[in-house]
Amino acid sequence: MDTPSLRQLDIFAQMVASGNLSRCARDLGTTADDVARDLASLELRLGYRLFDDLAGDARLTAAGRKTAQAMTLLSQDRPGNWQVDQADDIAPPPSGASPQPPAPSRETIVLAAPAPVFGHFQEALAAFEAANDDIAITLDLTVHLADEAAWALHRGKADIAYFYALGETDDLSSRYGWSEQINLYAGLGHPLARRDSVAMTELAALPTLAMEPRNGLRLIIDEALMRGGVRLGDPVLETDNLFDIMTILREGAGCFAAFGPLARDLGRMTGIRRIALERPLPAIEVRQAIRPQSPAAAALAEFLFL
């Protein structure tokens, strides 16, 4: 699935616990530059920023706090579970502080979505919570494809699910949200990157870079290309480490297929260029499904379509 690697989870967790880049690097037994690079790779993967600034005492963004809460769910079956303080500051309150009265009961809506999709409407979620102080929104970032969304909704694990698909599915009633175009990227020195137009037949002999076989983005891209009759060359590297992919792209070895925020960010990077294909690659649909039992979830689902 398109979840961050365990290493990225651990580094993010340690950064939350440490609250400082230097302390985090010391606790992990690595360098501050390595920690910053891995956190930047995680942010690239997710499509949004996790920290306002890594210099000094790091502070989680609003999206970072939501992500930390969601990733806590991912780590519940692992030893050494970690929790995140939901306050603006990462550091815990000083000792001797007066205890706060318990918060009033709030209805919880569980929203399941790929992390890049959450990045698409994180501001809308914050606005909805601000306008409805009796509702709390919890994220599940483990759902990416239609079968996972159906499982989560049918078993009450989620109230709203966004997922990647290639149209309507038979086992899950959903509605179309938007489409995201698949593009191919290569380093500026790659022969095809310098061409004004590249024929689809040339792609079959083109070495590729790809995410790991079970990654949700990889699965939906492979299915879309297969349905569209597009054949790419065999992957020479399969990894979820985006910095490794970017490094090899810039060196001119292979191309990389991406869509959504990741494709947007790749297109803005120096040393990397979108390959100008003679016709577009297939598009991926982002679809929304809902569990009908909750009026509040139905209201949120409509609000996200405004």
Enquirer: Quick one: does any side-chain atom of E129 pair with a main-chain N or O of A126 as donor and acceptor, under 3.5 Å?
Expert: no
Enquirer: At their closest point, which heavy atom of A298 faces which heavy atom of I290, and how far apart are they?
Expert: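 Between these two residues, the closest heavy atoms are CA-CD1, 3.3 Å.
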Enquirer: Can you list the steps and then say if D244 with T247 is a side-chain hydrogen bond (donor to acceptor under 3.5 Å, both in side chains)?
Expert: CA-CA 5 Å; D244 286 349; T247 298; 5.4 Å; no
Enquirer: Is I245 reachable from V236 through a run of I, L, V, M, F, W or Y residues, each pair having side-chain heavy atoms under 4.5 Å apart?
Expert: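 Per the 4.5 Å side-chain linkage, V236 and I245 are co-clustered.
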Enquirer: Could you grab the distance from atom CE of M226 to atom CG of L232, nearest 0.5 Å is fine?
Expert: 13.0 Å
Enquirer: Does one hydrophobic cluster hold both M269 and F259, with members joined at side-chain heavy-atom distances below 4.5 Å?
Expert: yes
Enquirer: Can you hop from V110 to I160 via hydrophobic side chains spaced under 4.5 Å?
Expert: no
Enquirer: Counting heavy atoms not belonging to D170, are there more than 12 under 6.0 Å from its CG?
Expert: no
Enquirer: Determine whether F305 and L172 fall in the same hydrophobic cluster, where Ile, Leu, Val, Met, Phe, Trp and Tyr are linked whenever their side-chain heavy atoms lie under 4.5 Å apart.
Expert: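 Hydrophobic grouping puts F305 apart from L172.
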Enquirer: Atom CZ of R287 and atom CG of L166: how far apart are they, to the nearest 0.5 Å?
Expert: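 Those atoms lie 10.5 Å apart.
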Enquirer: Backbone N or O of G233 within a donor-acceptor pair of the T208 side chain at under 3.5 Å?
Expert: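 The answer is yes, because a donor-acceptor pair under 3.5 Å joins these two groups.
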Enquirer: For P282 and L225, work out which heavy atoms get closest and say how close.
Expert: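 Looking at all heavy atoms of both residues, the closest pair is CD-CD2, 3.9 Å.
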Enquirer: If you take all heavy atoms of L281 and M200, which pair is closest and at what distance?
Expert: CD2-CE, 3.5 Å
Enquirer: So that I can tick it off, tell me whether E168 and R175 are bridged by a salt bridge, with the cut-off set at under 4.0 angstrom between side-chain N and carboxylate O.
Expert: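 So R175 does not pair with E168 through a salt bridge.
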Enquirer: Determine, stepwise, if the pair I109 / I135 fulfils side chain to side chain contact (heavy atoms under 4.5 Å, CB included).
Expert: CA-CA 7 Å; I109 298 174; I135 294 174; 3.7 Å; yes
Enquirer: What are the two closest heavy atoms between F303 and A127, and how far apart are they?
Expert: CZ-CB, 4.3 Å
Enquirer: Ignoring hydrogens, what is the shortest heavy-atom contact between A257 and I182? Give both atom names and the distance.
Expert: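 Residues A257 and I182, closest heavy atoms: CB-CG2, 4.2 Å.
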Enquirer: For residues A32 and A25, report the shortest heavy-atom separation together with the two atoms involved.
Expert: N-CB, 3.5 Å
Enquirer: Hey, could you give me the CG/CG distance between L184 and L192, rounded to the nearest 0.5 Å?
Expert: 9.5 Å
Enquirer: How about E238: does its CD atom have over 12 heavy atoms from other parts shown lying under 6.0 Å from it?
Expert: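 Buried by this count: over 12 neighbours within 6.0 Å.
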Enquirer: Find out if a path of hydrophobic residues (ILVMFWY) with successive side-chain heavy-atom gaps under 4.5 Å connects Y164 to L153.
Expert: no
Enquirer: Could you tell me whether the side chain of H154 and the main chain of A150 form a donor-acceptor pair under 3.5 Å?
Expert: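 Here the side-chain-to-backbone pair exists.
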Enquirer: Decide side-chain hydrogen bond (donor to acceptor under 3.5 Å, both in side chains) for S18 and N20; before the verdict, give the C-alpha distance in whole Å, the side-chain angles of both, and the deciding distance to 0.1 Å.
Expert: CA-CA 5 Å; S18 301; N20 178 278; over 6 Å; no
Enquirer: Looking at M211, is its backbone amide N or carbonyl O close enough to the side chain of R218 to form a donor-acceptor pair, meaning the two atoms are under 3.5 Å apart?
Expert: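 It does hold such a pair.
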Enquirer: Ignoring hydrogens and angles, tell me if any N or O in the side chain of N132 forms a donor-acceptor pair with the backbone of D134 under 3.5 Å.
Expert: no
Enquirer: Would the distance check show the side chain of E223 and the main-chain N or O of L219 forming a donor-acceptor pair, the cut-off being under 3.5 Å?
Expert: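 No, the answer is negative, given that no donor and acceptor are paired below the 3.5 Å cut-off.
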Enquirer: State plainly whether the residues R23 and D27 are in salt-bridge range, i.e. N to O under 4.0 Å.
Expert: no
Enquirer: Could you state the interatomic distance from CG (D159) to OG (S294), rounded to the nearest 0.5 Å?
Expert: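 Interatomic distance, D159 CG to S294 OG, rounded to 0.5 Å: 5.5 Å.
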Enquirer: What's the separation between atom OH in Y185 and atom CZ in F256, rounded to the nearest 0.5 Å?
Expert: 10.0 Å
Enquirer: Show the numbers, then the answer: is there a side chain to side chain contact (heavy atoms under 4.5 Å, CB included) between W151 and V143?
Expert: CA-CA 9 Å; W151 185 92; V143 167; over 6 Å; no
Enquirer: Less than 4.5 Å apart, any side-chain heavy atom of L209 and any of T239?
Expert: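 They are not in contact (no side-chain heavy atoms under 4.5 Å apart), so the answer is no.
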Enquirer: Given W178 and E285, is the side chain to side chain contact (heavy atoms under 4.5 Å, CB included) satisfied, shown in steps?
Expert: CA-CA 6 Å; W178 65 90; E285 290 187 7; over 6 Å; no
Enquirer: Any side-chain to backbone donor/acceptor pair from R273 onto A193? Under 3.5 Å, distance only.
Expert: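 A pair under 3.5 Å: yes.
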Enquirer: Any salt bridge linking E278 with R195? Criterion: basic side-chain nitrogen under 4.0 Å from a carboxylate oxygen.
Expert: no
Enquirer: When you measure from the side chain of R250 to the backbone N and O of T270, does any donor-acceptor pair fall under 3.5 Å?
Expert: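 Yes.
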Enquirer: Output yes when a side-chain donor or acceptor of R49 lies under 3.5 Å from a complementary backbone atom of F51, and no otherwise.
Expert: yes
Enquirer: Quick one: does T138's side chain get under 4.5 Å of L111's, heavy atoms only?
Expert: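 T138 does not reach L111 side chain to side chain.
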Enquirer: Roughly how far apart are I248 CD1 and C255 SG, rounded to 0.5 Å?
Expert: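 The SG atom of C255 is 12.5 Å from CD1 of I248, to the nearest 0.5 Å.
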Enquirer: So, D140 and T142: side-chain donor and acceptor under 3.5 Å apart, yes or no?
Expert: yes
Enquirer: Can F163 and D147 be said to form a side chain to side chain contact (heavy atoms under 4.5 Å, CB included), step by step?
Expert: CA-CA 9 Å; F163 57 94; D147 57 344; over 6 Å; no
Enquirer: Tell me, yes or no, whether the heavy-atom count around R194 atom CZ, taken from other residues, nucleotides or ligands under 6.0 Å, exceeds 12.
Expert: yes
Enquirer: Mind checking whether L203 and L277 have side chains closer than 4.5 Å, heavy atoms only?
Expert: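 Of all side-chain heavy-atom pairs linking L277 with L203, at least one is under 4.5 Å.
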Enquirer: Please report whether the ring centroid of F118 lies less than 6.0 Å from that of Y162.
Expert: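 When the ring centroids of Y162 and F118 are compared, they turn out to be at least 6.0 Å apart.
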Enquirer: Determine whether a donor-acceptor pair (N or O, by modelled atom type, separation under 3.5 Å) exists between the side chain of E180 and the backbone of V286.
Expert: no
